[in-house]
Amino acid sequence: MKLWKFYLLAAVAVAVVAGIPAAIYVFLKEPPGVATTVDVFTCNLVNMSGTLVLDGACRGRYVQVSTFVINSTYLKYAVDNRLKLETYAEDLWRGMTTVGDVVSDKTKIFRVGNETYRTSPENLIPPPLRAALARLVEKHPWLAESYLVNGEIFRGLVWDPVANQKVVGYVFTALQPMCSRGFASGPGGGVVNKYDACWFTALILVNKSKLVVLDVSVKLTNIENSLETGDRGGAITIRGRAIGLLMQAIQNATKQLEEVITR
């Protein structure tokens with residue numbers, strides 16, 4: 001074989017081998033896009049000797065409530081891939097956040113012995129949901145007494161096994177948007193796709209007889225600057241297009257909320 005033919009064949013071979021990862025990269029690369037999911041649905045509850053439990057399956061199009069149990073001193077719930085909690089309290093009906101608390105931006109005050117305790121206002125709840133709840137309470141005043149189950153809970157004086165004594169307990173609010181960032185890598189380890197996602201879930205216990213679930217999520221694929229984080233006064237702030245799209249989706253979801261709550 002002539003030397004120039006050898007070099008030509010070698011060059012072609014190198015080009016083919018180098019082109020394989022590039023071809024795979026192009027094949028795996030997803031186009032920029034936004035995926036939005038909205039679920040607003042009702043879970044039927046049944047009263048079992050003073051304890052409310054799910055009456056059959058409870059699922060929407062995208063999320064499922066796999067567990068919900070509540071009475072005056074015990075609460076357990078699980079929304080698959082969203083929320084999970086099990087806790088005890090002196091009086092859950094007194095300590096849970098109500099719709100009226102959120103609408104009025106109220107701080108509850110509790111007395112335990114000689115000490116005074118306060119809950120924090122639900123400042124992180126999305127503004128479109130707060131506004132929608134205010135409109136609903138104006139039309140249906142009885143809704144103010146309903147509970148936002150995944151809001152802050154004052155547990156009162158409860159047993160702490162670590163401290164081996166009774167202590168005053170709280171459950172911090174989960175009525176806030178949550179966000180995550182992720183990526184998919186190619187065969188060579190390089191980043192092929194970037195994902196930014198935000199979601200929000202609210203559990204509303206209406207008239208101690210039914211559970212209303214509002215769940216909204218947005219997922220942005222290969223969109224730059226969709227999530228931006230910052231530090232303001234020691235608090236982590238999140239902003240960007242993903243948050244804006246989530247607020248818009250929540251606004252759209254609230255249009256279904258009145259129908260589901262009052263049905």
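Quantities reported herein were computed from a predicted structural model and do not represent experimental measurements.
Of the possible polar contacts, one joining the Arg130 side chain to the Val102 backbone as a donor-acceptor pair under 3.5 Å is found. Judged by distance alone, with hydrogens and angles left aside, the side-chain atoms of Asn150 form no donor-acceptor pair with the main-chain N or O of Leu83 at under 3.5 Å. Between the Lys210 side chain and the Ile261 main chain, a donor and an acceptor come within less than 3.5 Å of each other. Within the 3.5 Å criterion, the main-chain N or O of Lys166 finds no donor-acceptor partner in the side chain of Asp160. Judged by distance alone, the side chain of Asp101 and the main-chain N or O of Thr98 form a donor-acceptor pair under 3.5 Å. Within the 3.5 Å criterion, the main-chain N or O of Arg94 finds a donor-acceptor partner in the side chain of Lys108. When atom types are taken as modelled, the side chain of Glu90 and the backbone of Leu157 share a donor-acceptor pair closer than 3.5 angstrom. Under a 3.5 Å cut-off, the side chain of Glu152 and the backbone N or O of Ser120 do form a donor-acceptor pair.
Around atom CD of Glu138, no more than 12 heavy atoms belonging to other residues, nucleotides or ligands sit under 6.0 Å away. Heavy-atom contacts from other residues, nucleotides or ligands closer than 6.0 Å to CD of Gln256 number more than 12. Arg111 CZ: more than 12 foreign heavy atoms inside a 6.0 Å radius.
We find the CG-CG distance between Asp55 and Leu211 to be 12.5 Å, quoted to the nearest 0.5 Å. One distance of note links CZ of Arg181 with CG of Leu220; it measures 10.5 Å at 0.5 Å rounding. Note that OG1 of Thr173 and CG of Leu148 are 8.5 Å apart. Values are rounded to the nearest 0.5 Å.
In this structure, the salt bridge (charged side-chain N to carboxylate O under 4.0 Å, His left out) partners of Arg82, at least two apart in sequence or on a different chain, are Asp215.
In this structure, Phe154 and Tyr170 have perpendicular ring planes: the angle between them is above 60°, well past the 30° mark. Aromatic ring pairs are classed by plane angle as parallel below 30°, tilted from 30° to 60° and perpendicular above 60°; the pair Tyr147 and Trp93 is tilted.
Shown here for Ala242 and Val218, the closest heavy-atom pair between the two residues is O-CG2, 3.6 Å. Counting all heavy atoms, side chain and backbone alike, Ser66 lies closest to Asp80 at OG-OD1, 2.8 Å. Contact detail for Ile250 and Pro128: the closest heavy-atom pair is CG2-CB, 4.1 Å. In plain terms, the two heavy atoms of Trp199 and Ser217 that are nearest each other are CB-CB, 3.8 Å.
If you chain together hydrophobic residues whose side chains sit under 4.5 Å apart, Val53 and Tyr74 fall into the same group.
Side-chain contact between Leu257 and Leu129: present, with at least one pair of heavy atoms (C-beta onward) separated by less than 4.5 Å.
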